[in-house]
Amino acid sequence: MIKRNGPRTWKNIHVTNTQSLEDLIDVDNSNAQRRLQTTYEFLNQASGDLNALIQEAKAKKKKLRAIGSAWALSPIQSTEHWLVNTKLLNKCFEVDADCFHADYPPDKRPLLVIAQCGISIAELNVYLELPREAGRPARAMKTTGIGAGQTVVGAVSGNTHGAAINFGALPDFVAAIQLCNGTDKPLWIERSDRPVMNDVFFDRIQSKPVRDNDIFNSALVSFGAFGIITAFAVETLPLYEIAFPPIKEVDEPKLASLLGDPGYYAGLYHLEFVFNPHEETYFLIEGTKVNYEEGHPIPKPLWVVSNASGYAPGDRVGRLLLKLPFVSAAQKSKIQFKEYLKNAVLSDVRGTSGQLFTATITYLEGFIETALAVSINDAIATLRLLKQGIREMKLPLVVQVRAVHPGDAVFGFTCHSPKSVVVEFGMLRDSDYPKFEELLLTKLRGAGIRYSLHWSKNSLVDPTRLQQMYGTARIETWKKSRQTLFNGDANLMDIFNHRDLKTAGLA
Ligand SMILES: Cc1cc2nc3c(=O)[nH]c(=O)nc-3n(C[C@H](O)[C@H](O)[C@H](O)COP(=O)(O)OP(=O)(O)OC[C@H]3O[C@@H](n4cnc5c(N)ncnc54)[C@H](O)[C@@H]3O)c2cc1C
C-alpha cells in the first residue's frame, strides 16, 4: 500500500544530507488482502503499487527515488520531489519447485530465497538462520558489511562490502533482480549465462524476463537510477560460522609480505586490519570459515547504539574528545584507537555472520566516513600516502582496511585485481574533511595509484574521476543498459536523474 506523508525536511542517518521533499512516501505489504497471502500476491502488490507510482511521477513530472535505511553518507539518496521509503517491504520467500529454470543447479535450489527490497540484513539473517521446514537447511548470507541495519537492496545498490577476500561484496550474492521502472510491466533481470527462474515464475509475478549479463551487472550497483528494485533472488550458503583468533600485531614489512602472498589469504574467509595512523603497527583480524556447531558462546554484539556508560562511537562524547584543544592528534587517535580495539574488532570469537556483524548505530551527526578501494598490490603504498596526509594535517582518526574479491558489477568499486582492499576512516565533519579527501586523492593520483570511491560514502565522483575509476567501456555499458531498460523513454529516465547522477556525468 502507498501512504503519502506529505512535504517535509528529511535527513539521512548521518545527517550529511538534508533535503526538502514534496512528499515522503511509505510503501508496505498491507494491502495484499487475502488471508492466505502467497509469495506472488505480496510481490505483485508491491510491484503494481510502485510501477503505478512511477507512472504518476511521469505524468506529474516529478523526480522520485527509493531509499532503504538511509545509512548512505553520500548524496546517493538525493531527490528533488518524492522519496520512497521501502523498508516496510521486508518479507523473504522460498522458491516453489516448479519455478526454477531447468539449468539452475538442483543442489543450489534450497539455498535460494527471494528477498523483498526493504528487508534489513538483520531481518534476513534471522530468516535464514532459522530452519523453516524439513529438508531446508539453516542458511547464511555469503557476506555482509559490519552493519545489520541496511536494507539488502540499499546495501547492494551502493556496493556495500565486507571482508570476504575469496568471495566478494554484497552484489555478488544476487542471482536476479526485480525492477519497477514505469514501463508496462515490472522486469525480472538475470544473467544470460546463469538463468534462475522459468516462465511459470515470470507469469506468477507478472514480470517481463530480461536475460543479459551487461544489463544485470549494470543494474546491481545503480543507486536508485534504474528505477525501484522491489526484490532480489539471493544465493546463500548452508549456515556456517567464522572463527576469529585473537588479533595479531604486525609491523609494515610483515603486513607487506602477507598481503603479497596469495597462499596466505587463500585459506581465509575474512581479512581485515586496523591501525592508528600516528603509530607504526597494524592489527590483523583474520577470520576462517568453519562448520556451524551448537554450543559455542554467542558473541557480544558490537556497537549497538551505546555501551553501559552511554558511550557510542559517533555520539557527542566522541565529538567532544576529538575537538579538545591542547591535545595532539596523535594523543586523540591513541585514545580513540584503544576504545576501537576494545569495542569494535572481532578478536577471539566465533559465530555466524548474523551474530558477528551487528552494528545498528542509528545516530551519527557530526561525523563522516570515507572509503576507497585500491588493488592489494598497491595497499602498502596507499597506506604510506594516507599516513603522510593524516600526519601533515594532524588529524585524529582510526583506519580500517578490508580485503574483498573483485566482482562483476559494472560500477562495483571493489573492482581491483587480484583483490581489492578498501581503506576507510571516519572523521569529524568539519572544514578539514574535504581538504583531507582532496589531499589524499591528489597523492594517490600523483603516485599513479588507481583508486575507486565508495558510492555510499564518498561524494567526490565527478566525470573525470568516474572516467579514471571505470573507463569508457564500463561507463557506456552502464548508460546503455539503463537506456535499454527504460525503452529509451527519456521522460521516464528523467524521473530518476538526480543531483548526484548529474554531478557524476551519468544523467
Ligand atoms: C553503522 C554503519 C555501518 C556500515 N557498515 C558498512 C560496511 O561494513 N561496508 C560498507 O560497504 N558500507 C557500510 N556502511 C554503509 C552502508 O552499507 C551503505 O550506505 C548502504 O548503501 C546503506 O543501505 P541502506 O539500506 O541504508 O540504503 P540507503 O542509504 O537508503 O540507499 C542507498 C542507495 O540505494 C538506493 N536504494 C535503496 N533502496 C532501493 C530500492 N528499493 N530500489 C532502488 N534503489 C534503492 C538508494 O536510492 C541509494 O542510492 C555502513 C553504514 C553505517 C551507518
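Quick note: residue numbers are just sequence positions, from 1. Atoms within a ligand are numbered from 1 in the order they appear, just like the ligands themselves.
Contacts between Q150 and ligand 1 below 4.0 angstrom, taking non-hydrogen atoms only, involve backbone and side chain alike. The proximity of C117 to ligand 1, defined as any non-hydrogen pair under 4.0 Å, is limited to the side chain. Counting heavy atoms under 4.0 Å from ligand 1, residue E369 does not touch it at all. Neither the backbone nor the side chain of Q400 has a heavy atom within less than 4.0 Å of ligand 1.
Relative to the ring axis of W188, R211 does not place its NZ or CZ within 45° and under 6.0 Å from the centre.
Near H454, with a cut-off below 4.0 Å to any heavy atom, the atoms of ligand 1 are 10 (C), 11 (O), 12 (N). Below 4.0 Å from some heavy atom of G227 lie the following atoms of ligand 1, by number and element: 43 (C). Close contacts between ligand 1 and G68 involve ligand atoms 25 (O), 28 (P), 30 (O), 37 (C), 38 (N) [criterion: under 4.0 Å to a heavy atom]. Below 4.0 Å from some heavy atom of K457 lie the following atoms of ligand 1, by number and element: 12 (N), 13 (C), 14 (N), 15 (C). Residue contact check: G145 has heavy atoms under 4.0 Å from atoms 7 (C), 8 (O) of ligand 1. Under a 4.0 Å criterion applied to the non-hydrogen atoms of S456, ligand 1 contributes the atoms 18 (C), 19 (O), 20 (C), 21 (O). Numbered from 1 in the order shown, with element, the atoms of ligand 1 that lie under 4.0 Å from a heavy atom of I146 read 7 (C), 8 (O).
Checking T230 against Q178 by side-chain atom types alone, a donor-acceptor pair falls below 3.5 Å. Side chain to side chain, D494 and N491 fail the donor-acceptor criterion of an N or O pair below 3.5 Å.
Relative to atom 21 (O) of ligand 1, the option among A72, G154, G158 with the closest non-hydrogen atom is G154. When the heavy atoms of L64, T230, I229 are ranked by distance to atom 42 (N) of ligand 1, first place goes to I229.
Counting heavy atoms of neighbouring residues, nucleotides and ligands inside a 6.0 Å radius, atom NZ of K61 does not exceed 12 of them.
Centroid-to-centroid, the aromatic rings of F337 and F275 stay 6.0 Å apart or farther. Under the 6.0 Å cut-off for aromatic ring centres, F436 and F425 qualify, their centroids lying closer than that. For an aromatic pair to be called close, the ring centres must be under 6.0 Å apart, and F173 with F167 fails this.
Partners of Y40 according to the ring-ring contact (aromatic ring centres under 6.0 Å, His included) rule, which considers only residues two or more places apart in sequence or in another chain, do not exist here. Every residue meeting the side-chain contact (heavy atoms from CB on, under 4.5 Å) condition with K185, not counting sequence neighbours, appears here in chain and number order: K208.
In this structure, H14 has a heavy atom closer than 4.0 Å to ligand 1. The shortest heavy-atom distance from V153 to ligand 1 is under 4.0 Å. Heavy atoms of A70 come nearer than 4.0 angstrom to ligand 1 in at least one pair.
With N29 as reference, Q116 is the one residue of Q116, K91, E41 to meet the side-chain hydrogen bond (donor to acceptor under 3.5 Å, both in side chains) rule.
Nearest heavy atoms, T183 versus N51: O-ND2, 2.9 Å.
The shortest N or O to N or O distance between S69 and ligand 1 is below 3.5 Å.
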